[in-house]
There are 2 protein chains.
Amino acid sequence: MSQLERKTAGVPTLKRLPLYLRLLRKMKENGEEYASGTVVAKELGLDPIVVRKDLAITGAVGRPRLGFPMDEIIEAIEEFLGWTNTSDAFLVGVGSLGHALLGYQGFEQHGLRFAAAFDSDPDVIGKTVHGKTVLNIDQMPELAKRMHVRIGILTVTASVAQDVANAMIEGGIRAIWNFTPTTLDVPDHVILQREELASSLAVLSHRLLIESSRQP
Amino acid sequence: MSQLERKTAGVPTLKRLPLYLRLLRKMKENGEEYASGTVVAKELGLDPIVVRKDLAITGAVGRPRLGFPMDEIIEAIEEFLGWTNTSDAFLVGVGSLGHALLGYQGFEQHGLRFAAAFDSDPDVIGKTVHGKTVLNIDQMPELAKRMHVRIGILTVTASVAQDVANAMIEGGIRAIWNFTPTTLDVPDHVILQREELASSLAVLSHRLLIESSRQP
DNA sequence: CCCATAAAGATCTAATTGTATCGATTGACG
DNA sequence: CGTCAATCGATACAATTAGATCTTTATGGG
């Protein structure tokens, strides 16, 4: 049943949902009982219509004149994103970026927990980083299988990215969050999410260029 | 809006251009003289038509049967993105993420150079991180003005993000690359690029959820 | 108890992006 | 030297998604 009622949202909508969630949690802390799409939109500088449509897709129902009941709407978004049950993830590559991600506490609020961290460097293996002991990467596939970990986070150097990705897939990992500048080749059933800083920078640079040429 | 011949590309196109650029540079190193949209597409797993259209917008002209002359197409993309002349950027907030970004050497290949790094923590100020001495954040606006820095990279904690952004704007910075989970309020003329990990994670989680409900 | 109002919900329109098709061009090969 | 095939480039088409308008509903005030 849940496989039918689940709507498939567009990427822009999905990217906005965490913003709503963060704001709503803050509003709840302030003791607010209801949240209307209008105030959420105003707070985030978005169009109210967009917010309403985004919230609608989660299945939450609001009440006219009041808005959405706070607990309901938060629950609906979390449910929609699959953030109600935190899922375990393996992080591979404890370089500076890996360090940074391991140290970011916010992930647990988003349904993600670092079950373990791995590296291939003997100098790093055994060290404790932000409370996690770094394990040998050789153990990763086996552990992934045993713990049924579905999410892998790739923060290794580009040259070994494909090999590590293969190892992840061998371990049964179904989604890879790729922070390396590498185009990975994976089977169809594996979800690939690329986090490309260069792409973001490209958008920024281009916009800066356009702006500059408009009013130098 | 025809005061300049520069075309304004859509975001998806902009995000793909760095991928092309990286591949093309690699191909050039391998001694290739020409690059056809077809092989680029095949290498990156994209549709050849998309690649052709993307490359077309940069203004490069290709030759039938051969493709695009390597130097020309690389130059065209760099030019289009404004990566021919490296621009200086200030990084504010030398936490773990700031560390990671400062250590990423790839930026200089993308026309970005860290002119300086700043922090407010006395324990951090004066330290050298990846060759950059961390300066006091108080000096940032003044230095930005003097050095005509246009890009600011925000890697501070969420609570002070808005204040630091204001200081950046005061220093004349025109584009802010925001790595904090904060919705910043900035004047219209300031370009804001948000790097929201939670948003990416939302997309990943949702796709994983859809896939799981499809074939459990 | 009724009316005014604010907000949700549905429907429709427009824009953006991706996809397909077709012709033109040019280097390669027989 | 002529034909072929691959590739660019332009144009047209389709699908998805964002954005706008209108209607409905329920609440709070008079």
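Note that this is a predicted model, so its numbers are computed, not measured. Below, each value reflects all heavy atoms present in this structure, side chains not excepted, and no hydrogens, waters or symmetry copies. Letters A, B, ... mirror the listed sequences (proteins, then strands); counts begin at 1.
- Of all nucleotides listed (D:dA18, D:dC8, D:dT25), D:dT25 comes nearest to the side chain of A:Pro64.
- Between C:dG18, D:dG19, C:dG9, one nucleotide has an atom nearer to the side chain of B:Val50 than all others, and that is C:dG18.
- Salt bridge annotation for A:Glu196-B:Arg16: absent, with no cationic side-chain nitrogen under 4.0 angstrom from a carboxylate oxygen.
- In terms of polar N and O atoms assigned as donor or acceptor, the side chain of B:Lys53 never comes within less than 3.5 Å of the base of C:dT17 in a complementary pairing.
- Spacing between atom NZ of A:Lys15 and atom P of D:dT17 amounts to 14 Å, rounded to whole angstrom units.
- Within the 4.5 Å cutoff, the side chain of B:Glu78 has heavy atoms near those of the B:Arg25 side chain.
- In this structure, A:Leu46 places its CG atom 13 Å from P of D:dA20, rounding to the nearest Å.
- Distance CG (B:Leu66) to P (C:dG27): 6 Å, rounded to an integer number of Å.
- Heavy atoms of A:Pro48 sit nowhere under 4.0 angstrom from any nucleic acid atom.
- The shortest distance between the side-chain N/O atoms of B:Arg52 and the OP1/OP2 oxygens of D:dT7 is not below 4.0 Å.
- For B:Gln162 and B:Asn166, the side-chain atoms include at least one donor-acceptor pair closer than 3.5 Å.
- At whole-Å resolution of the value, CD1 in B:Ile57 and C1' in C:dT17 are 12 Å apart.
- Rounded to whole Å, the distance from CZ on B:Arg65 to P on D:dT7 is 7 Å.
- Residue A:Val11 is out of contact with every strand shown, counting any heavy-atom pair closer than 4.0 Å.
- Judged by atom type and distance alone, A:Arg63 does not reach the base of C:dA8 through any side-chain donor-acceptor pair under 3.5 Å.
- What separates CD1 of A:Ile49 from C1' of D:dA18 is a distance of 10 Å, to the nearest Å.
- Atom CG in B:Asp47 sits about 16 Å away from atom P in D:dA15, given to the nearest Å.
- Between A:Asp71 and A:Lys28 there is a salt bridge, with a side-chain nitrogen of the basic residue lying less than 4.0 Å from a carboxylate oxygen of the acidic one.
- When each of A:Ile153, A:Ile173, A:Val156 is checked for a side-chain contact (heavy atoms from CB on, under 4.5 Å) with A:Val92, only A:Val156 meets the rule.
- Distance, A:Tyr34 OH to C:dA6 P: 18 Å, rounded to whole Å.
- Side-chain nitrogen and oxygen atoms of A:Thr13 include at least one within less than 4.0 Å of the OP1 or OP2 phosphate oxygen of D:dA18.
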